[in-house]
There are 2 protein chains.
Amino acid sequence: MDVKKQATIVDVAKKAGVSVATVSRVVNGNYPVKQDTKERVKEAISSLNYVPNVQARELNTRKSSTIGVVVPGLHNMFFAEVIDGIEDAVRQDGFSFLLNCAKNDPVQEMNAINALVARNVSGIIVISPNTKNISERFYEELVARVPLVFINGYHRIKGVSYVGNDEKLGSQIALEYLFGLGHKDIMFVRGANSDSYDIKEEAYRQFMEENGTLREDYILNIGEGNGVETVDSAMEALQGLIPRLKPTAICCCNDLMAVGALNACKRLGLSVPKDISIMGYDNISLSRLVEPKITTMDQNMFQLGSNAAKLLIENIHGGQSKRIMLDNVLIERETTGISM
Amino acid sequence: MDVKKQATIVDVAKKAGVSVATVSRVVNGNYPVKQDTKERVKEAISSLNYVPNVQARELNTRKSSTIGVVVPGLHNMFFAEVIDGIEDAVRQDGFSFLLNCAKNDPVQEMNAINALVARNVSGIIVISPNTKNISERFYEELVARVPLVFINGYHRIKGVSYVGNDEKLGSQIALEYLFGLGHKDIMFVRGANSDSYDIKEEAYRQFMEENGTLREDYILNIGEGNGVETVDSAMEALQGLIPRLKPTAICCCNDLMAVGALNACKRLGLSVPKDISIMGYDNISLSRLVEPKITTMDQNMFQLGSNAAKLLIENIHGGQSKRIMLDNVLIERETTGISM
DNA sequence: TATCACACAGAAATCGCTTTCTATTTTAGC
DNA sequence: GCTAAAATAGAAAGCGATTTCTGTGTGATA
């Protein structure tokens, strides 16, 4: 491929008959330059299609306007929506971001992070559903060199910024809501290996112990899986379990599982919410595209992402690390109703 | 925030008592270094947590292992799935990628591309649903400086690589399939401002003229909108139109519109596919999460993305530009049936 | 023992930019 | 009209790496 060489500042300087310093000054506008020199330089710039080399500039100034983002993947719309929020905030501050998918694998997550450090990113946002797999040491050393913001999860490392939801409280709200509708036989559906699921299960156990009876067989773990897989495995498992366990409500750890539960009910000929109520979590767009629309807890992923990005940029500019907790609000839709 | 300064090659050289050249050689392993010197250097490296500065390296070698990706946004899972494919292919070759969302705005698209060029990416992948808004000149000049791969759309610029689907053929296949099921009264649903919609409408018009009667009122343009919006506007428009126009099938330009159509039918009390058939396009994961599952044309977005990334990297390494056309295959599911 | 090749390591140039430090003009003030 | 202070522009150092060019020490060969 015949790639034309990019014009450099030297080319521009030559063409305009000035020094490189002057070109730099025209480009950055941080130093007085006479009007007609300025125009000559600008002309040279546009005629050569000159675009300053960001790498050289950043090498010189020891600043970088790129941040890194590590997510498990994009199969789950949850992450896509978070990234949307990050993108929005990041661009407003003239930053760019490198995206890496770690596929829920701690080794890939560490590799991704190291690659980002080598690329000189000025900060990193990490969404790691399962923090227990990575040593605290790793993160402690990391945060000594580059500002870090975690989104969700069990992060307790000192000096690390964090944006998350109080998922324990959110789960309580969801359960109280179902309880208020008269439900006592509430199943709980979760997946494997995620801090978030653990938090929610804890909330479920506590709530059921205090407000009813905790039945171990009401706790369903559908194992690993992302995106469509989650929906299918929830559906398959519940199709077998619902007739036997006869819950009046199903409280799911995320909307994908709720869609699976919904599909299971449809196949079993159960009417939702008349015969059984279903509750999701997250409020991904999918939850309002299915019929009936799913009642869920809104995590506001866009906010999660944009808050994380803003906080990171604040930290990059020297701000204190912070923990931001967002509220989860209940979105009442069509899959929940009074228990008969 | 107290960020520790990264160790540089000079620090390592000093600590190991060698020259920077030697350190560089140990790091890159492209030149003989005596065993015990090598070990001293490696020790210094790990004790200082030295990570070579990629920017400096790339500035010097005039190579960059970062590519840029420009998409309209992530609201539509279509793009998320394409990016998944890109990420996968890119990582395998040791590249990273910068992601930019252009929000269907030509100005933002050009800005995003310029930002990427300035960041010295070694290639760019562009998914631009509406190519008519950007001058060919812009792209012609761009491709002279950096390898480019377009995904989908009407791109005819010489020397530019392209990965896409034959959406005209795909649409024909879809229509033939519906026709084969006995449908003659087929509505066509599209959105505004997209090459892809234009191509599909063209196929629809041609097919209907040749195989039935083309009714202008059967062509529905639901306007702009992304993600959830698309579903809702399709639903609203069709809810009014279906009772009046009485189509036996609805052929949609993408799965979001098909979900909208499906929801409209549900509200109208029509049974799908008994009373009316619905056909989507793309095969995004959503299409098989709703009930009934949507019959659709598979675009295999993951392949689209990974092929584009592989082709781009090939081009970066000097390969010829190419046009790759993928097949769209019909995925028969539950929303289509014989016309009564 | 003299010679040659090779293994190894350092000095220095270079990548494209920013930014001091200096050297000129202008302009202002009196 | 003369001096002081801006305004303007260039030269050169430096950011952190790679790589060429050079110069050693060492072993093999004759």
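Predicted model only: the values in this text are computed from it and were never measured. Keep in mind that the numbers below use all heavy atoms, side chains included, and drop hydrogens, waters and symmetry copies. Throughout, protein chains are lettered first and strands after them, A, B, ... in sequence-line order, and every chain is numbered starting at 1.
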Inset, instruction - Identify whether any heavy atom of A:D36 sits under 4.0 Å from a base atom; if not, whether one sits that close to sugar-phosphate; answer base, sugar-phosphate or nothing. - result: nothing

Legend entry - Distance in Å, B:F97 CZ paired with B:E87 CD, rounded so as to fall on 0.5 Å steps: 5.5 Å

Legend entry - Closest-nucleotide ordering on DNA chain D, the 5'-leading residue of B:A21 and B:Q55: B:Q55

Legend entry - Nearest-nucleotide 5' precedence on DNA chain C, A:R25 against B:T37: B:T37

Legend entry - Distance in angstrom units between A:K63 NZ and C:dT19 P, rounded: 7 Å

Inset, instruction - Determine whether more than 12 heavy atoms belonging to other residues, nucleotides or ligands lie under 6.0 Å from atom NZ of B:K42. - result: no

Legend entry - Within 6.0 angstrom of B:E140 CD, more than 12 heavy atoms from elsewhere: yes

Inset, instruction - Check whether any side-chain heavy atom of A:V149 sits under 4.5 Å from a side-chain heavy atom of A:Y162, and report yes or no. - result: no

Legend entry - Protein-nucleotide distance (B:I9, atom CD1; D:dT18, atom P), rounded to Å: 5 Å

Inset, instruction - Pick base, sugar-phosphate or nothing for B:S24, based on heavy-atom distances below 4.0 Å to the nucleic acid. - result: base

Inset, instruction - Indicate whether OP1 or OP2 belonging to D:dG16 is found under 4.0 Å from a side-chain N or O atom of B:T8. - result: no

Inset, instruction - Tell me whether the OP1 or OP2 atom of C:dC17 has a side-chain N or O from A:Y50 closer than 4.0 Å. - result: yes

Inset, instruction - Round to the nearest Å and state the distance from B:D11 atom CG to D:dG16 atom P. - result: 8 Å

Inset, instruction - Please report, rounded to the nearest Å, how far the C1' atom of D:dA6 is from the NZ atom of A:K34. - result: 13 Å

Inset, instruction - Ignoring backbone atoms, test whether B:N60 places a side-chain nitrogen or oxygen under 4.0 Å from the OP1 or OP2 oxygen of D:dG16. - result: no

Legend entry - Phosphate OP1/OP2 of D:dG10: any A:T22 side-chain N/O under 4.0 Å: yes

Legend entry - Gap between atoms OH and C1', on A:Y31 and D:dA7 respectively (whole Å): 8 Å

Inset, instruction - Could you check how far CG of B:L59 sits from P of C:dT18, rounded to whole Å? - result: 12 Å

Inset, instruction - Using a heavy-atom cut-off of under 4.0 Å over every strand shown, decide if B:V18 touches base, sugar-phosphate, or nothing. - result: sugar-phosphate

Legend entry - Earlier contact from the 5' end, DNA chain C, for A:N53 and B:S19: B:S19

Legend entry - Short side-chain N/O contact to D:dG16 OP1/OP2 from A:N120, under 4.0 Å: no

Inset, instruction - For A:N30 and C:dT18, give me the distance from atom CG to atom C1', rounded to whole Å. - result: 9 Å

Legend entry - Residue-phosphate contact under 4.0 Å: B:R57 side-chain N/O, D:dT18 OP1/OP2: yes

Inset, instruction - Quickly work out the A:R62 CZ to C:dC17 C1' distance and round it to whole Å. - result: 12 Å

Legend entry - Side chains of A:Q6 and B:N120 in contact at under 4.5 Å (non-hydrogen atoms): no

